[in-house]
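Counting starts at 1 for both ligands and their atoms, following the listed order. All residue numbers refer to positions in the sequence shown, counting from 1.
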Amino acid sequence: MDLSELEQKRIQHLLGGGKQRQEEQRKKGKLTAFERMNILFDPGTFVEIDPFVTHECSDFGMENKKFLGDGVVTGHGMVDDRLIYAFSHDFTVLGGSLGIAFATKVCKIMDLAARQGVPIIGINESGGARIQEGVDSLAGYAEIFRRNVKLSGVVPQISLIMGPCAGGAVYSPAITDFVIMTKSAYMFVTGPEVVREVTNENVTSDELGGAQVHNERSGVAHFLVEDEHECIKVLRNLLSFIPSNNLESPPRIVNKDDPKRHDEKLNSILPQNPNQSYDMETLIRKIVDNGDFLEVQKYWARNIIVGFSRLDGNSVGVVANNPEILAGVLDIDSCDKATRFVRFCDCFNIPLLAFVDVPGFLPGTNQEWGGIIRHGAKLLYAFSEATVPRLTVIVRKAYGGAYDVMNSKHLGADYNYAWPGAEIAVMGPEGACSIIFKHDIVESKAPEKKRAELAEMYRKKFANPYVAVSKGYLDDVIEPEETRERLIAALKAIYRKREERPRRKHGNIPV
Ligand code: HXC
């Protein structure tokens, strides 16, 4: 049997767009599409399919620009011993641009992953729709988008952005569950040149759609990483919290952190002055297993913190107000951020844990005109429809609508606790007294003194957890130091929870 043709084709395939282009790629500090697959998968486990696919386009001299594999490497392998399907764009082939053969390869592995019920990882670096292939490229993208949507909430889909991504190449990642961007990557629908022509704005690619922009300003990305190796590290960590599909539970990672561990430092973690901030992330880390917390969207909408941790080995999705930023108020972006995270956890059977310290919603024309009503409604919608086990700890403030929204008992949370200093009321004492005692204050000889007295009275009566706990709206008031033990016990009690929803096509979340 003559194997030489196969060998030759294999060598040619591995060269992608050619040695020189691969060298250029390396000079920019980037790996090739094949090298990326090799660091993604456990050593020796990557199995490629469709290595010899080529396009059939003959317009614009394309008949002379055929590359085996057509610019995308696809296949399966193991990541930490779990089956994963992946594709990796090859920028050395026609700028990683997507034509119909390329798209068909990607769709094939998406279909295979769906049948197996395993995650799909996309390594993206692409100029978007392959211009020479015209409508075929657009058709190819739409086939991918349709599959992204069909598989949303069925198998996890994660996008790694490791270079420029333009046009259609950004929409598929946008539908996926998480976007991890390397520092030198960028994403935009239309590049700087078009922007200049249309709007007269002068921006660089980085200013327009760099990793920092999408991690800090747009909220498109979820993680910002230094380089491709760190990208894979973060991906592996992320996968460790997530099941392979929506019918499985997340992997349980048994660890040595005592489920009954108390941390006395929690008793004094809140400042004496209720208007002073403190570090919510430290609070979270003191409670969860081994202090491990993988924060998601760390740089965007920082007034809310979301991320993954474990309690007694079980994955939990944490949502916590952050008193260090805007006093932890809810605003448009923080509601969007938390909503998407809550929905992800609910899709994939990850229990939710809320730490509440929220003075309310951010007032102002900016917020009202921007639709805080609609955005805030999303978060209460997301918590209300979540059927996973749900825990809440009110550590300090829980005022107004924000009390309701932050996984309250009334939205269906299973166990709701408060620390002894919790303040739960329609609004803060000063604001409340200015309204309900307006006349008493105005008519008083010393209005400020009167306001302070009334506020103190209000605080004693309403701004405490004992009214809510006396009505069963909270299940208990707990000591800060015992929070871990109580949460683990509660989670154990509700871990097998099954909750049905009425039959319907889908709800209509106010997007
Ligand atoms: C065909 C493309 C291409 C594309 C890049 N190339 N994008 N070929 N179709 N969409 C080719 C280039 O011609 C070049 O080939 C090679 O890839 C490398 O590109 P460079 O421009 O040299 O690289 P770089 O300077 O790093 O810039 C990368 C880039 C830029 C930012 C991605 O190439 C770019 O702006 N491309 C066009 C992006 C774009 O407008 N795409 C939108 C398509 S419309 P040679 O042989 O010269 O080296 C779309 C609609 C989908 O995607 C809609 C879905 C909803």
Please output the side-chain donor-acceptor pairs of residues 503-511 that fall under 3.5 Å, not counting sequence neighbours, one pair per line with the distance.
none

Original post:
Residues in side-chain contact (heavy atoms from CB on, under 4.5 Å) with Ala413, at least two apart?
Top reply: Arg390, Thr392, Asn407, Asn416
**OP:** Mark yes or no: Lys105 above the aromatic ring of Phe87, with NZ or CZ under 6.0 Å from the six-membered ring centre and no more than 45 degrees from the axis.
**Re:** no
Distances for all N or O pairs of ligand 1 and the protein under 3.5 Å?
residue	atom	partner	partner atom	Å
ligand 1	9 (N)	Ile131	N	3.1
ligand 1	10 (N)	Gly127	O	3.0
ligand 1	10 (N)	Ala129	O	2.8
ligand 1	17 (O)	Gly95	N	3.1
ligand 1	41 (N)	Gly127	O	2.7
ligand 1	46 (O)	Arg21	NH2	3.1
ligand 1	48 (O)	Arg21	NH1	3.0
ligand 1	48 (O)	Arg21	NH2	3.2
ligand 1	52 (O)	Ala129	N	2.9
ligand 1	52 (O)	Gly168	N	2.7

**OP:** State yes or no: are the ring centers of Phe102 and His89 separated by less than 6.0 Å?
**Re:** yes
Original post:
What about Phe348 and Phe344, are their ring centers closer than 6.0 Å?
Top reply: yes
Subject >> By side-chain hydrogen bond (donor to acceptor under 3.5 Å, both in side chains) - contacts of Asn38 (at least two apart) >> reply: none
